[in-house]
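Beneath this line is the structure, given in structure tokens, with notes to follow.
Chain A is the first sequence line, chain B the second, and so forth, proteins listed ahead of strands; every chain is numbered from 1.
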Amino acid sequence: MNIFDELTWRGLVHQVSDAEGLRKYLDAPGQAMYCGFDPTAESLHIGNLVPLLSLVRMLRAGHKPIFLLGGATGLIGDPSGKDKERELSNQAAVQARAERIRAQMEAFVERNTGQKPRVMNNYDWVKDMSAIELLRDVGKHFTVNWMLAKDSVKGRIEREETGISYTEFSYMILQGYDFYHLCKEYGCRLQIGGGDQWGNITAGTELIRKKAAGDAYALTFPLITTASGKKFGKSEKGAIFMSPALTSPYAFYQFWINTEDADVVKFLKYFTFLTQEDIAALEAEVARAPQERAAQKALAAQSTIMVHGEEELAKVLAATDALFGKGDLRALDHGTLAAALESAPAKDYAFAALPDLPQILVDLNLCPSKGQARKDIQAGAVSLNGDKVSDAARALTEDDFLGEVNATHGAFVVLRKGKKNYGLVRLG
RNA sequence: GGUGGGGUUCCCGAGUGGCCAAAGGGAACAGACUGUAAAUCUGUCGGCGUCAGCCUUCGGAGGUUCAAAUCCUCCCCCCACCA
């Protein structure tokens, strides 16, 4: 199947500049295409997953994608989809983040294709460009009239309180130049990006048309939404990052397993390499026995393998089983339980100085205040080693601690608020 | 610069002297149901608490009053129209 048709089937094609032309372009193997990632955070997050995966799909289809780090554009700030001007980041910080993301991309691509990706940084070709070059050789090809018509700019001009600085206004020119540069140097004629990138991408196709007298293609992905209207990619604790240091593999897996039925098939298409047949089978499962959640399990497993690997998935599954299995926490193997709760918040106390239960819940960040903790206990939201606590004044006793104090993992009490929030009380 | 309208608890928004920690909605959290789903229903939703109450909050600073989100003075900011 032509990769363009595959992307279409997956629902990943939102806008294309020339569908037939692009389809032909992608027919021959070894074509170049790129997508940029501005280093605005320490790690990629799942909002970056669609473009990242799309480049990987290209690689698997025999093409030569370029993974572009926005070391230069990250210094300017993309106005697309932002209703106010952004703080400029410190230059050293941007380059440091870019390097971190480079390592992350390389690991990701190698895990999923066995190949080393071509990762580039636009800082390398933008840093030595002079103001005169930029204004004469690039700027001359853009009329302000045309730039003002872009959504990213128009939206900001209408907001008189915030406006838009000349810096961010120029962002599309830099991004356009990237595309031109990659086209000239590597024959790259396709840029892909999120739904808000259309304006920036077409700045590039425009520049290529005028300077290189050739065609280039633009393709954007749809904005990812959930059926119930929640923002995709955010949990209570914020963005879901790909770095295990920022979002534990357990939390990552949990995010996917909680996908609504109404979204799960769409997400399987977006976020996994599963084939049309596999996904059709899972779709039938959702219809037949939704309570089994076969599709959610497949989605969570696939994406966890993709980002964290098979080994991490095995650990996560063991943890999930321990915490959501029906078993008595006391009957569980202590080591398994300890491993399952590895990423849960923990707090050490001296036994003699154990505070009251509401205070412990606050210390573990399970409740925002002691008052709220008492209310939660009254509402039956808190459990201790799996048993509901109904008395806020209940004190912890030695019997509550699971495991031997001198065992490998130490003794602890498992507290839970709601269905999914765990915390550990340890002696120390 | 002039005139008018505003700034309320996470967000929107009611409240024009005591019955105001402040209506209503949203978000969030929890409970029930179920499937670690959605929808629905219920509860909570400034902090502390021995649950009596205490403390902090209505753009900022003062003032009037037994009592102020509400009245007065000055200041800051936003919006609309005029210049």
Side-chain angles (χ1 to χ4, degrees), chain A residues 83-84 158-163 225-240 247-268 271 282-301 303-304 313 316-327 329 332 337 340-341 343-345 355-384 386-395 414-423:
Chain A
D83 56 15
K84 48 173 172 294
E158 281 159 9
R159 291 180 158 258
E160 291 179 27
E161 330 84 84
T162 45
T225 53
T226 65
S228 51
K230 285 180 189 143
K231 244 193 200 137
F232 171 79
K234 294 271 162 80
S235 74
E236 321 74 67
K237 309 212 165 63
I240 305 289
T247 299
S248 72
Y250 173 78
F252 185 87
Y253 179 91
Q254 288 294 322
F255 171 79
W256 295 106
I257 199 98
N258 281 307
T259 303
E260 307 167 22
D261 291 4
D263 289 323
V264 71
V265 171
K266 184 169 75 178
F267 286 4
L268 282 167
F271 298 109
L282 287 166
E283 187 169 13
E285 277 301 295
V286 174
R288 189 186 65 80
Q291 71 282 6
E292 297 293 330
R293 295 184 308 136
Q296 278 90 342
K297 284 177 185 166
L299 174 66
S303 52
T304 304
L313 175 66
V316 165
L317 287 176
T320 296
D321 218 43
L323 297 181
F324 290 98
K326 302 262 185 300
L329 284 185
L332 267 173
L337 186 60
L341 291 163
S343 60
D356 58 2
L357 201 49
Q359 184 60 50
I360 293 175
L361 289 166
V362 172
D363 289 347
L364 289 168
N365 278 325
L366 292 177
C367 300
S369 69
K370 290 181 76 173
Q372 188 58 47
R374 284 199 186 84
K375 286 166 186 160
D376 286 336
I377 291 170
Q378 257 157 37
V382 174
S383 69
L384 191 158
D387 301 320
K388 259 185 195 169
V389 179
S390 49
D391 179 10
R394 186 192 190 293
V414 180
L415 286 176
R416 194 187 73 185
K417 189 203 81 169
K419 275 194 180 105
K420 304 167 194 170
N421 310 296
Y422 286 89

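Side chains of A:K266 and A:T259 form no contact here, defined as non-hydrogen atoms less than 4.5 Å apart. Side-chain contact between A:I240 and A:W256 is absent, with no heavy-atom pair separated by less than 4.5 Å. For the pair A:Y250/A:L323, a side-chain contact is recorded, criterion being any heavy-atom separation below 4.5 Å from C-beta on. Within the 4.5 Å cutoff, the side chain of A:D356 has heavy atoms near those of the A:R374 side chain.
Pairing for B:C81 is with B:G2, a Watson-Crick or G-U wobble pair whose two hydrogen-bonding atom distances lie under 3.5 Å. Searching all strands for a Watson-Crick or G-U wobble partner of B:A14 with both distances below 3.5 Å returns nothing. Partner assigned to B:U40 is B:A32, using Watson-Crick or G-U wobble distances below 3.5 angstrom. Summarising the base pairing, B:C74 is matched to B:G60 through a Watson-Crick or G-U wobble pair whose two defining distances lie under 3.5 Å.
Nucleotides B:G17 and B:G13 place their P atoms 23 Å apart, quoted to the nearest Å. With both ends at atom C1', the span from B:A14 to B:U9 equals 13 Å, rounded to whole Å. A distance of about 22 Å separates the P atoms of B:A22 and B:A27, rounded to the whole Å. Here, B:G47 and B:U56 have their C1' atoms 7 Å apart, quoted to the whole Å. Spacing between B:A80 and B:C75 at atom P, rounded to whole Å, works out to 23 Å. Comparing B:C20 with B:G24, their P atoms are spaced 12 Å from each other, to the whole Å. Nucleotides B:U73 and B:G25 are separated by 36 Å at their C1' atoms, to the nearest Å. Comparing the same atom, C1', in B:G15 and in B:A21 gives a spacing of 13 Å after rounding to whole Å.
Closest approach to the A:Q296 side chain among B:G49, B:G35, B:U36 is made by B:G35 (side chain taken as heavy atoms from C-beta onward). Of all nucleotides listed (B:G47, B:G35, B:U50), B:U50 comes nearest to the side chain of A:R374. Among the nucleotides B:A30, B:G49, B:A37, the one closest to any side-chain atom of A:D376 is B:A30. Distance from the side chain of A:K417 is smallest for B:C29 among the nucleotides B:U50, B:G35, B:C29. Side-chain proximity of A:K388 to the nucleotides B:A37, B:A30, B:A32 is greatest for B:A32. Among the nucleotides B:A37, B:U44, B:G35, the one closest to the side chain of A:K420 is B:A37. Distance from the side chain of A:K370 is smallest to B:G49 among B:G49, B:U36, B:G35. Side-chain proximity of A:I257 to B:U36, B:A37, B:C48: nearest is B:U36. Picking from B:A30, B:U36, B:C45 the nucleotide with the shortest atom distance to the side chain of A:Q372 gives B:C45. Considering only side-chain atoms of A:K419, the nucleotide from B:U34, B:G35, B:G49 that sits closest is B:U34.
Rounded to a whole Å, the CG atom of A:L361 is 15 Å from the P atom of B:G47. The nearest whole Å value for the distance from the NZ atom in A:K297 to the P atom in B:A37 is 13 Å. One can place CG of A:D261 at 12 Å from C1' of B:U36, the figure rounded to the nearest angstrom. Rounded to whole Å, the distance from CD on A:E260 to C1' on B:U34 is 15 Å. Between the C1' atom of B:G49 and the NZ atom of A:K375 lies a distance of 11 Å, rounded to the nearest Å. Rounded to an integer number of Å, the gap from CZ of A:F252 to C1' of B:U36 is 17 Å. Rounding to whole angstrom units, CG of residue A:L366 and C1' of B:U44 are separated by 17 Å. Between the P atom of B:U50 and the CG atom of A:L357 lies a distance of 13 Å, rounded to the nearest Å.
In terms of position along RNA chain B, the nucleotide closest to A:R416 lies nearer the 5' end than the nucleotide closest to the other residue of the pair A:V362 and A:R416. Nearest-nucleotide assignment on RNA chain B puts the 5′-proximal partner with A:A381, out of A:G371 and A:A381.
Residue A:A379 is classed as a sugar-phosphate contact, given heavy-atom separations below 4.0 Å to backbone atoms only.
The closest donor-acceptor contact from the side chain of A:R288 to the backbone of A:P290 lies at 3.5 Å or more, if one exists at all. The backbone N or O of A:T320 lies less than 3.5 Å from no partner atom in the side chain of A:Y253, so there is not a single donor-acceptor pair.
Between A:S369 and B:G47 there is a side-chain polar atom (N or O) within less than 4.0 angstrom of OP1 or OP2. OP1 or OP2 of B:A30 sits under 4.0 Å from a side-chain N or O of A:N421.
Test A:L384, A:D376, A:L361 against A:V389 for side-chain contact (heavy atoms from CB on, under 4.5 Å) and you get one pass: A:L384.
The distance from atom CG of A:L364 to atom CG of A:N421, rounded to the nearest 0.5 Å, is 11.0 Å.
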